[in-house]
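Bear in mind the structure is a predicted one, so any value in this text is a computation, not a measurement. Order of the sequence lines sets the chain letters (A, B, ...), proteins ahead of strands, with each chain counted from 1.
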2 protein chains.
Amino acid sequence: MKKDKISEVTTNRLSLYLRCLTEAGAAGAETISSQAIAERLHLNSAQIRKDLVQFGEFGRRGLGYSVPTLCEHLTRVLGLDKEHRFCIIGAGRLGTALADYYGFRNTNFTVTALFDTDKQKIGKKIGHIKILDMKNFADTVKRDNIEVAVVAVPAEHAQAALDLAADAGIRAVMNFAPVPLKAPVDIRLRTVDLTTSLESLAYFLAQPARRDRKRKPANGRSNNK
Amino acid sequence: MKKDKISEVTTNRLSLYLRCLTEAGAAGAETISSQAIAERLHLNSAQIRKDLVQFGEFGRRGLGYSVPTLCEHLTRVLGLDKEHRFCIIGAGRLGTALADYYGFRNTNFTVTALFDTDKQKIGKKIGHIKILDMKNFADTVKRDNIEVAVVAVPAEHAQAALDLAADAGIRAVMNFAPVPLKAPVDIRLRTVDLTTSLESLAYFLAQPARRDRKRKPANGRSNNK
DNA sequence: TGATGTGAAGCGGTTCACAGCC
DNA sequence: GGCTGTGAACCGCTTCACATCA
């Protein structure tokens, strides 16, 4: 049964399914069961069937899912059949690191610009990406059809950066600044707080260690969870 | 009422509360209400009270919480009253970027080592952190009392890296490799998948835009959720 | 028989609403 | 009156269990 309210955890898993299917396809699999996907991803098979059926009945009872057709469907569902452009706001340590990291990868998600307000940095290049003046942000976003912004500025400027992005027509924002932001409803916001993530691990270090050694499945999120 | 099963979402929020309290304290606040914290973090005030009461009844009815005492309590609860050391496994683009990012920050969480297997990289320095041979991993971890490992190796080597970390006595792992890992129960694992996070945002780009402009609160997680 | 699609149950976290205390 | 601590209601996601179909 199709649904229209898709949660963030679901879309995150869809991306994992697609990666899994691509690998299975490369290994020559023609068909795959929800059970097989579940084992690879340490998930429950019912979960996977429930996720997939929200977009159509792609499976065949007794057979499983056709790897190539499911790949196609998921690619389209996730909007990965189109080229997407994103920019990074903030050319500090984290911003340049992310530009370097994402800039290198070769998917249909490409970094096309890196912005800063610091005159010292403007004009320099990180890999093949030039650092642009934040003054030209809105114009560049519109001219280059940039859809997503990654916010990598200090906490105190993050909300302003998001607001500028919203005004320029950006539709989704990934925030690395350690501060909770407010976004208009039509903007999709995701915050990844590298400091908090690390600090909250510290809590478990303070707990007494348990010396039993059984394996347990682990979450695939994180981010998204 | 005290509890002993603390969830990851809760510890994540504790870290946010601490940050918020530190700011409030710096601004001269002696006392703060759950409502005030809730507004800053875009959370529900009952949520905050429920979180805090798991570690003791720190508040005074009619008054709120004492900023300095709550700070102390949270710092101790999160284990941030002690120095923690962590290392990064993998000195590729992401690993060096993270070393650079975390290495610069000045908290009681410090990067003390960066590991790789590539002879070309071993011996070089990223900031003030030297790249060490993965062969010396276990020895270094034990000698330097490293408690946390950040995994930043290619997906196909991530499980092996985690296993090595577990054997060396590491208690918590933050995984940046885009692959679901299995960890022993006594190891705390958190995965941050930068590719999936970005890709799953693409789903929303494919949805029809809604042109109403009301502000809505946004998640502070993460990550982690 | 094998694997999907799905109603129902289960579970954990969030919010409400209010009693209790300052 | 103000604000905490908390039982109850709520909500959404996950898992179970099974009817259904190839």
Side-chain angles (χ1 to χ4, degrees), chain A residues 1-14 16-17 24 29-39 41-67 69-70 73 180 200 216-222 224-225, chain B residues 1-14 16-17 21 24 29-39 41-67 69-70 73 180 200 216-225:
Chain A
M1 186 201 301
K2 296 215 185 185
K3 251 183 68 176
D4 48 10
K5 199 64 184 171
I6 306 298
S7 78
E8 194 170 298
V9 275
T10 305
T11 56
N12 248 318
R13 280 195 301 265
L14 293 183
L16 294 175
Y17 300 159
E30 262 302 305
T31 186
I32 196 165
S33 69
S34 60
Q35 184 59 38
I37 301 175
E39 274 159 23
L41 300 180
H42 315 311
L43 294 173
N44 179 293
S45 66
Q47 172 104 82
I48 292 164
R49 296 196 297 277
K50 276 238 154 85
D51 282 344
L52 294 179
V53 88
Q54 295 187 326
F55 302 96
E57 305 203 355
F58 303 136
R60 297 229 186 137
R61 300 179 194 222
L63 267 166
Y65 301 87
S66 152
V67 173
T69 35
L70 189 51
H73 278 297
S200 91
K216 66 146 195 192
N219 67 337
R221 180 203 323 212
S222 149
N224 324 210
K225 161 161 54 106
Chain B
M1 188 202 301
K2 297 214 184 187
K3 253 184 70 177
D4 48 9
K5 199 65 183 169
I6 306 298
S7 78
E8 194 170 300
V9 276
T10 305
T11 57
N12 248 317
R13 280 195 301 263
L14 292 184
L16 294 175
Y17 300 160
L21 286 163
E30 261 303 304
T31 186
I32 196 166
S33 69
S34 59
Q35 184 59 38
I37 302 175
E39 273 159 23
L41 300 179
H42 314 311
L43 295 172
N44 179 294
S45 67
Q47 173 104 80
I48 292 165
R49 295 196 297 276
K50 277 239 154 87
D51 282 343
L52 294 178
V53 88
Q54 294 187 331
F55 303 96
E57 306 203 354
F58 303 135
R60 298 230 185 135
R61 301 179 193 220
L63 268 167
Y65 301 87
S66 151
V67 173
T69 33
L70 190 51
H73 279 297
S200 90
K216 67 146 194 192
N219 66 338
R221 181 199 321 209
S222 316
N223 341 109
N224 16 117
K225 145 148 84 100

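Residues B:Leu41 and A:Pro180 share a closest heavy-atom pair of CD2-CG, 3.7 Å. Across all non-hydrogen atoms, the minimal contact from A:Glu57 to A:Val53 is CG-CG2, 4.1 Å. Considering every non-hydrogen atom in both A:Phe58 and A:Tyr65, the closest pair reads C-CD2, 3.8 Å.
In this structure, of C:dT4, D:dT15, D:dT6, it is D:dT6 that holds the atom nearest to the side chain of B:Ala46. Between C:dG5, D:dG5, D:dC3, one nucleotide has an atom nearer to the side chain of A:Tyr65 than all others, and that is C:dG5. Side-chain proximity of A:Val9 to C:dA3, D:dT4, D:dC13: nearest is D:dC13. Here the side chain of A:Arg13 is nearest to one of C:dA8, C:dC16, D:dT14, namely D:dT14. Nearest nucleotide to the side chain of B:Glu57, out of C:dC16, C:dT14, D:dT6: D:dT6.
Nucleic acid contact for A:Ser34: sugar-phosphate only, since backbone atoms but no base atoms lie under 4.0 Å from a heavy atom of the residue. Within the 4.0 angstrom heavy-atom criterion, no nucleotide atom of any strand lies near A:Thr10.
The nearest whole Å value for the distance from the CG atom in B:Leu63 to the P atom in D:dG1 is 17 Å. When the P atom of D:dT4 is taken as reference, atom CZ of B:Phe55 falls 17 Å away, rounded to whole Å. Distance CZ (A:Arg49) to P (D:dT15): 12 Å, rounded to an integer number of Å. Straight-line distance from the CG atom of A:Asn44 to the P atom of D:dA17: 11 Å, rounded to whole Å. Rounded to whole Å, the distance from CD1 on B:Ile37 to C1' on D:dT4 is 12 Å. Taking atom NZ of A:Lys5 as the reference point, atom P of D:dC13 lies 10 Å away to the nearest angstrom. As a whole-Å value, the separation of B:Leu43 CG from C:dC16 P is 13 Å. Straight-line distance from the CG atom of B:Asn12 to the C1' atom of C:dT14: 16 Å, rounded to whole Å.
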Between N or O atoms, less than 3.5 Å apart, protein on one side and nucleotides 19-21 of chain D on the other: list the pairs.
from, atom 1, to, atom 2, distance (Å)
D:dT20, O2, A:Arg61, NH1, 2.5

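A:Ser66 meets the side chain to side chain donor-acceptor pair (under 3.5 Å) test with A:Thr69; sequence neighbours excluded. For A:Ser45, the side-chain contact (heavy atoms from CB on, under 4.5 Å) partners are A:Ser34, A:Gln35, A:Ala38, A:Arg49, not counting sequence neighbours. Applying the side chain to side chain donor-acceptor pair (under 3.5 Å) rule to B:Ser33 yields no partners; only residues at least two apart in sequence or on another chain are considered. Annotation: side chain to side chain donor-acceptor pair (under 3.5 Å) contacts of A:Thr31 (sequence neighbours excluded): none.
One end of the helix from C:dT1-D:dA22 to C:dC22-D:dG1 points its axis 0° away from the other end's axis, with each axis taken from 5 pairs and the angle rounded to 10°.
B:Glu39 CD to B:Ile48 CD1: the interatomic distance, rounded to the nearest 0.5 Å, is 9.5 Å. To the nearest 0.5 Å, atoms CD1 (A:Ile6) and CZ (A:Arg13) are separated by 10.5 Å. Atoms CG and CD1, from A:Leu70 and A:Ile32 in turn, are 8.5 Å apart once rounded to the nearest 0.5 Å.
Residue B:Lys50 places a side-chain atom within donor-acceptor reach of the base of D:dG7, judged by atom type and a 3.5 Å distance cut-off alone.
For the pair B:Ser7 and C:dG13, the criterion of a side-chain N or O lying under 4.0 Å from OP1 or OP2 is met.
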